[in-house]
Structures are given as C-alpha cells and as structure tokens.
Amino acid sequence: MSEEINKPNNFIRNLIDADLDKGKNEGRVHTRFPPEPNGYLHIGHAKSICLNFGLARDYKGQCNLRFDDTNPQKEDEEFVDAIKEDVQWLGFDWGEQPFFASDYFDRLYDFAVQLIKQGDAYVCDLNAEETREYRGTLTEPGKNSPHRDRTVEENLVLFDGMRAGQFPDGAKLLRAKINMASPNINLRDPAIYRIRQGVIHHQTGDKWCIYPMYDYTHCLSDAIEGVTHSVCTLEFEDHRPLYNWFLETLKTEHHPQQIEFSRLNLQYAITSKRKLTQLVEQGAVDGWDDPRMSTISGMRRRGYPAASIREFCERIGVTKADNSIEMSTLESCIRDNLNENSPRAMAVLDPLKIVITNYPEGQTEDLTAPNHPQQEAMGTRNIPFGREIYIDRADFKEEANNKFKRLVKDKEVRLRNAYVIRCDDVIKNADGEIIELRCSYDDATLGAAPEGRKVKGVIHWVSAEHGVKAEVRLYDRLFNHPQPDSDKTVDDFMVHLNPDSLATRTECVLEPSLLTAEAGKVYQFEREGYFCADAKLSSESKLVFNRTITLRDTWAKIEQQS
RNA sequence: UGGGGCGUCGGCAAGUGGUAAGCCACCAGGUUUUGAUCCUGGCAUUCGUAGGUUCGAAUCCUGCCGCCCCAGCCA
C-alpha cells in the first residue's frame with residue numbers, strides 16, 4: 001500500500017497498463033524523445049524527457065533520442081550537441097547512439113514513391129499563396145488543386161525531377177491526396193515534400209534538395225524504430241488522423257499509437273523555443289545558458305540539481321488539462337534537494353566591518369564548524385576567526401524592537417559557529433553612514449550558552465584578514481508577469497522583462513574554504529541561500545558565484561506585512 | 001462561428017457508480033547557534049453549470065457556460 005503512494009500515476013501509464021494487459025506490442029514499451037535541433041532544450045522539454053525516458057525505465061523498455069531534423073534551414077549541429085548534453089545531464093541514457101529522422105531520408109523517399117504509385121500522393125505546382133487560398137478556411141471547405149489528378153507516371157517523373165534538382169524552391173510540392181473538404185484542415189492534402197535548393201543539412205550535407213515534412217516523417221520514423229507509444233503535446237492531437245493515415249495507407253509493419261498530453265506552462269518563465277531564441281538573439285540575456293533562462297543549460301549553470309528537475313516533473317504530473325505551474329513548486333523541489341545535499345558555508349554579501357576591541361591584536365584562531373547541521377557524516381571544517389570581521393549590513397540596526405533578532409547597538413548577538421558579541425560603538429563617516437562597528441566578545445560563549453542571559457539572534461560573519469573577495473550574482477525572475485508570452489494586451493512579451501533580474505554584488509567576502517569551490521557545486525551560504533561558482537566566469541583569481549536560490553524567508557514576509 | 005481538446009481547493013493533481021488521496025502555497029503552534037531545516041495541526045458537505053438515470057453520481061445521460069489548439073512549402 002505505502003509503495004503505491006509515490007508511484008507515478010497518470011493517464012498514459014493507465015493506457016500502457018491496459019495495452020500490456022491486452023498483450024499489445026508483444027508486451028514491449030518503446031518511446032522516443034524527438035527534439036528538433038533548432039534551439040536549446042527548456043524546462044518544458046524536461047517534462048517530456050522525464051515522461052518518455054521514465055516510461056521506458058519503469059516498463060523496462062527503451063526510449064530513443066531522435067532528432068527531428070527535417071528543416072535544415074533552422075537547424076544546427078551546435079544544437080544537436082547541446083541537446084545531447086542536456087539529456088545526459090538530466091540523467092537519461094539513450095543507449096548506443098542517437099537517431100536522426102535524416103537517417104531515414106532514403107526510406108522516406110521510397111515510401112513517397114509508393115504513395116504516388118498507389119495514387120495517394122501527387123505533385124502540385126501551386127505556389128505558397130495559391131496553396132493557402134485553395135486550402136479554404138476553418139469554416140469553408142477547400143478546393144481541389146488543378147494538379148490533383150495527374151497520372152501516376154507524370155507524378156513519378158515530376159517527383160524524380162524534384163529530387164534531381166530540376167525545380168527551384170516553391171515550384172513544386174508533393175502532397176498527400178486525402179480530402180480538401182475535410183473539417184480537419186490537416187487532412188486537406190497536406191504537403192509531404194518541399195524543395196530546398198542549396199541548403200546544407202547538418203547530417204546529410206548536400207545530398208538532398210527536397211525535405212520531408214514533419215507529419216509525414218514523424219509517424220514513419222516512429223514506425224521504423226518500432227516505437228509503441230508516441231507521446232507528444234496536445235497541439236498535435238489534430239494531426240493524429242494524419243499520423244494514422246500515413247501508416248495505414250503505407251501499410252507499415254508497426255503502427256505506433258500517438259498519445260497527447262498538455263505542455264508545461266511555468267509562471268514567470270518562457271517555455272517556447274521560438275521566444276527563448278528571441279531572448280538570446282536580441283541580447284536580453286547572456287546566451288542560452290544564462291542562469292536566468294528556463295533552459296536546461298541555464299538551470300544547470302544556475303546550480304539547479306538534475307534530480308530536483310526530475311522531481312519537479314514528477315510532482316506536476318501528466319494530464320491533458322491546461323496548466324500554469326507556480327514557480328514555488330519548482331523552488332520547493334530545488335530547496336528540498338539542496339537543503340539535504342549542500343554543505344554549509346559563510347559568506348557576507350554586503351560587508352560591514354566589526355572590530356572586536358577586547359580580542360587580542362594579532363591573534364587568530366581556527367574554529368570548527370559542521371558542514372551540515374543535520375548530517376554529521378558531512379564532517380566539519382575550520383573557519384579562521386580574528387579581531388576584525390565582516391557581517392552583513394542588514395544584520396545591524398542602531399535601534400530596533402525585540403522582534404529584530406540580530407545585532408543592535410548595546411545588545412548582544414551570537415556569531416554563528418563562534419562567540420557572542422556586544423555592539424558598543426557605531427562609527428560613521430562625514431555623511432552619517434555607518435562604516436564600522438566596535439564590539440566586545442564574551443570568550444566563555446564558544447560552543448556554550450552565555451551565562452545568566454539569553455541571546456536569541458544568530459548572524460553569520462567572515463574574518464576580515466582571511467576572507468576572500470568575490471563577485472556574487474543575485475538572480476530574480478526574468479519576467480515580472482506570470483504569463484509573459486500570453487498577455488494579449490501587449491504585442492511583445494519582451495516588455496515584461498524584469499529589469500532587476502540580475503543584481504551583481506562585487507564586494508562580497510567569503511570564508512576561505514570557498515576559494516577552491518568546484519564550479520557548479522552548490523553550497524548553502526548560511527542565512528542567505530544556495531550558491532555555486534559560475535562555470536564560465538569564475539576562476540581562482542576572480543571568484544564569481546551564482547545565487548541558485550534563496551532560503552525560504554519568513555522574516556522578509558513578516559517585514560513586508562508590517 | 002468548421003474540427004479537435006479541456007474544466008476536481010489559490011496553483012498542480014488522484015479519483016473510472018459506493019459516499020473527495022497527495023504535493024506546492026497559505027494559516028496556527030513546537031524544536032532550533034541558519035528568522036533555514038524538522039515536527040504537529042488547520043485548509044473542497046463538494047467536483048464549470050442546469051436537469052435526468054440510480055438505493056447511491058466528480059464518475060453514466062442531456063442541455064448550457066467557459067477556456068485552449070488548428071487555416072506554415074515550421075515542428
């Protein structure tokens with residue numbers, strides 16, 4: 001019973017269970033993840049990846065990574081490589097090698113010849129505009145193309161001529177002969193092959209000057225690979241009759257079942273490859289892997305663990321209903337993982353100097369701090385302590401009521417992993433800005449409660465002498481509208497870009513153990529959040545950290561309310 | 001308004017005729033050398049809506065309402 005609770009459960013799995021009960025597909029479950037290499041993968045693709053590879057894993061089947069590379073003008077090898085890296089990083093294995101729809105171009109061509117011979121496809125000379133006019137509208141039927149009744153022989157010659165490069169782009173089109181009056185527009189004699197002269201395909205080079213369309217290619221690729229369950233998003237539901245038409249008309253050996261689910265919509269983020277491309281090309285972000293991007297590579301660079309993205313995909317479920325997932329759902333997955341796995345450290349992002357006047361000048365001591373408060377197995381580390389330290393400006397007030405559990409003039413606070421100090425003096429510059437604090441420490445409070453009084457506040461600190469300088473990048477949501485791309489009151493989603501999505505702090509001071517932090521390894525900077533050294537920008541000579549995510553902050557919430 | 005799909009708590013989502021799981025968020029307490037974590041408790045007499053069938057309906061039937069997708073030689 002208790003094992004059942006966490007088992008993913010969704011309508012696709014129910015469907016597969018039913019298929020298995022019926023003995024369909026000889027009990028095989030074979031899925032595929034079919035990205036087009038025309039951009040980087042995003043969080044929405046992660047949902048599909050987890051679904052498809054997860055199905056294969058749980059049903060002891062197989063999931064192919066297949067590049068849907070039928071439109072060379074928009075595609076690039078760079079994207080092929082990035083996609084492979086992302087899928088792998090997410091923790092999935094596509095076996096021997098990735099597949100490419102272009103692997104099947106020869107067979108696809110033969111299938112097209114078969115369609116022509118059967119009288120199920122014809123070469124059409126209408127140009128793009130005429131084709132659109134002949135297609136009709138949503139409420140009016142289309143008209144048959146004047147070339148619809150060409151003979152098989154003529155079609156064969158023409159199609160061969162298309163392949164041989166005898167016609168310029170747009171001059172001819174191979175079309176399926178289905179039904180121009182169908183209420184489903186996808187069935188109004190859809191295009192099968194179009195001409196693309198002089199284009200170099202990233203996989204097949206200049207071998208072809210005609211390229212097959214998605215609807216035609218996808219179902220046949222699935223069939224060729226022996227896919228049993230072809231899972232795609234809802235907008236392809238209208239294409240399913242066409243998917244089935246090609247397979248039935250060509251009498252393929254296998255006939256995979258297309259199943260549609262609803263795509264992910266994440267609030268304050270973009271899950272559209274086209275719009276992510278726009279962000280990159282217009283320079284609104286630093287690139288596809290900008291840590292603010294909802295791309296897999298961006299999230300990786302930001303420090304999101306792969307496991308937390310997988311957990312997220314599990315938590316949101318799989319249905320056919322439109323959805324709008326709150327960012328807090330994703331954030332919860334990230335914090336759960338990071339809280340459990342990341343070692344603690346101390347870092348001061350907005351330094352305020354403190355001199356501990358009763359601490360011997362020139363003295364230094366190594367204090368010991370646990371790397372994780374709940375997990376002893378993570379061990380301890382040494383933190384140097386000295387007469388001069390930094391604390392965060394936000395942790396001091398000259399006056400405050402007792403709800404403020406930090407350092408206040410003439411009051412005490414605990415320095416985390418160290419002593420209790422009292423603030424005796426506040427030093428200001430000519431402009432009245434606080435530039436330094438003079439404090440005294442109680443040397444009986446190391447690892448011990450102070451005598452005769454309670455000190456409830458605890459703040460973090462770094463030794464001024466030993467701390468290392470660093471730049472820290474604080475990220476906020478990239479957009480300030482929950483659905484930036486579906487706001488119909490504006491004509492460009494870019495107006496919803498959050499101007500404060502990146503705040504760079506250049507004067508941060510980190511505890512020295514962080515100097516050798518491995519890029520991408522996430523630490524919790526206690527009381528601040530989770531951070532990792534940036535894989536691209538950080539070096540030992542110039543440390544640059546990304547804030548992966550803040551800690552849950554109920555104090556900020558209380559402050560805001562009052 | 002032709003075709004396709006979807007409507008269960010603020011956001012997700014189980015539920016498949018036997019009397020509304022779970023998660024996130026939120027609220028109230030407790031522990032705590034991180035205002036973190038953790039722990040305890042609260043959070044849908046009701047399933048878009050109106051009828052009908054039934055001993056019994058979120059589940060079956062009918063009507064209505066709302067939202068999403070489709071007129072690329074993109075995927």
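All chains are named by letter (A, B, ...) in the order of the sequence lines, taking the proteins before the strands, and each is independently numbered beginning at 1.
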Please tell me which of the listed nucleotides, B:rC69, B:rC73, B:rC24, lies nearest to the side chain of A:Ser328? B:rC24
Any A:Arg196 side-chain N or O less than 4.0 Å from OP1/OP2 of B:rC74: yes
A:Thr554 side-chain N/O to B:rG35 phosphate OP1/OP2 under 4.0 Å: no
What integer distance in Å separates A:Leu330:CG from B:rA25:C1'? 14 Å
Please state whether the phosphate of B:rA13, meaning OP1 or OP2, lies under 4.0 angstrom from any side-chain nitrogen or oxygen of A:Lys320. no
Nearest of B:rG2, B:rC26, B:rC74 to any side-chain atom of A:Arg552? B:rC26
What contact category does A:Ile192 fall into here, base, sugar-phosphate, or nothing, at under 4.0 angstrom with non-hydrogen atoms? nothing
Between A:Asp322 (CG) and B:rC70 (C1'), how many Å, whole number? 14 Å
Over all strands shown, is A:Lys454 touching base, sugar-phosphate only, or nothing at heavy-atom distances under 4.0 angstrom? nothing
Closer than 4.0 angstrom, basic N to acidic O: yes or no for A:Glu225 and A:Arg32? no
At 4.0 Å (heavy atoms only), tell me whether A:Tyr216 reaches a base, stays on the sugar-phosphate, or touches nothing. nothing
Output yes if the stacking criterion (under 5.5 Å between centres, under 30° between planes) is met for A:Trp555 over the base of B:rG35, else no. yes
Rounded distance (Å) that lies between atom P of B:rC6 and atom CD of A:Glu235: 15 Å
Nearest to side-chain heavy atoms of A:Asp238, which nucleotide of B:rG3, B:rG35, B:rA71: B:rG3
Do the side chain of A:Arg335 and the base of B:rU37 come within less than 3.5 angstrom through a donor-acceptor pair of N or O atoms? no
Under 4.0 angstrom, heavy atoms only, what part of the nucleic acid is A:Pro373 near: base, sugar-phosphate, or nothing? base
Out of B:rA71, B:rA25, B:rU37, which has the shortest distance to the side chain of A:Ser332? B:rA25
Between the side-chain atoms of A:Gln524 and the base atoms of B:rU34, is any donor-acceptor pair under 3.5 Å? yes
I'd like to know if A:Arg527 reaches the base of B:rU34 with its side chain, counting only an N/O donor and acceptor under 3.5 Å. no
Can we say A:Glu36 and A:Lys74 salt-bridge, meaning some charged N sits less than 4.0 Å from an Asp/Glu carboxylate O? no
Describe the nucleic acid contact of A:Glu237 in one word from base, sugar-phosphate, nothing, applying a heavy-atom distance below 4.0 Å. sugar-phosphate
What's the closest nucleotide to the side chain of A:Met213 if the choices are B:rC73, B:rU34, B:rG2? B:rC73
Counting only N and O atoms by type, is there a donor-acceptor contact under 3.5 Å from the side chain of A:Tyr216 to the main-chain atoms of A:Leu108? yes
Are any of A:Asn9's side-chain N or O atoms less than 4.0 Å away from OP1 or OP2 of B:rG22? no
From B:rU37, B:rG35, B:rA75, pick the nucleotide closest to the side chain of A:Glu36? B:rA75
Under 4.0 Å between any heavy atoms, over every strand shown, what does A:Ala321 touch: base, sugar-phosphate, or nothing? Just pick one. sugar-phosphate
For the side chain of A:Glu326 and the base of B:rG10, is some donor closer than 3.5 Å to an acceptor across the two? yes
Atom pair distance, as rounded to whole Å: NZ in A:Lys403 and C1' in B:rG35: 12 Å
How would you label the contact of A:His239 with the nucleic acid (heavy atoms, under 4.0 Å): base, sugar-phosphate, or nothing? base
Give one of base, sugar-phosphate or nothing for A:Asn14, where a contact means two heavy atoms less than 4.0 Å apart. base
Checking A:Arg194 side chain against A:Pro212 main chain: does a donor-acceptor pair fall under 3.5 Å? yes
A:Thr131, nearest nucleotide to its side chain (from B:rU34, B:rC73, B:rG3): B:rC73
With respect to the side chain of A:Arg132, which nucleotide from B:rG2, B:rA71, B:rA75 is positioned closest? B:rA71
Of the candidates B:rU34, B:rG15, B:rC73, the side chain of A:Arg135 sits closest to B:rC73
Give a yes or no on whether a salt bridge exists between A:Glu235 and A:Arg263, defined as a side-chain N under 4.0 angstrom from a carboxylate O. yes
Look at A:Ser262 and B:rC68 and indicate whether a side-chain polar atom (N or O) is within less than 4.0 Å of OP1 or OP2. no
Using a 4.0 Å heavy-atom cut-off across all strands, classify A:Lys143 as base, sugar-phosphate, or nothing. nothing
For B:rG11, measure the glycosidic angle (O4'-C1'-N9-C4 for a purine, O4'-C1'-N1-C2 for a pyrimidine) and name it syn if it falls within 90° of 0, otherwise anti. anti
So what does A:Asn127 touch, heavy atoms closer than 4.0 Å: a base, only the sugar-phosphate, or nothing? base
Kindly say if A:Arg315 contacts the phosphate of B:rG22, meaning a side-chain N or O under 4.0 Å from OP1 or OP2. no
From the candidates B:rG7, B:rU1, B:rG11, the one with an atom nearest any side-chain atom of A:Ser324 is B:rG11
Assess the side chains of A:Tyr243 and A:Asp222: does a donor N or O sit below 3.5 Å from an acceptor N or O? yes
Quick one: label A:Leu173 by what it contacts on the DNA or RNA (base, sugar-phosphate, nothing), any heavy atom closer than 4.0 Å. base
Rounded to whole Å, please give me the gap between CZ in A:Arg274 and C1' in B:rG72. 13 Å
Answer with base, sugar-phosphate or nothing: what part of the nucleic acid does A:Gly447 contact at a heavy-atom distance below 4.0 Å? base
Once you apply a heavy-atom cut-off of 4.0 Å, does A:Tyr211 come out as touching a base, just sugar-phosphate, or nothing? nothing
Is the shortest side-chain N to carboxylate O distance from A:Arg13 to A:Asp58 below 4.0 Å? yes
Return the value, rounded to whole Å, for the distance between atom NZ of A:Lys47 and atom P of B:rC12. 11 Å
Reckon A:Thr319 touches a base, only the sugar-phosphate, or nothing at all at heavy-atom distances under 4.0 Å? sugar-phosphate
Passing candidate, ring-ring contact (aromatic ring centres under 6.0 Å, His included) with A:Phe545, options A:Phe531, A:Phe525, A:Tyr523: A:Phe525
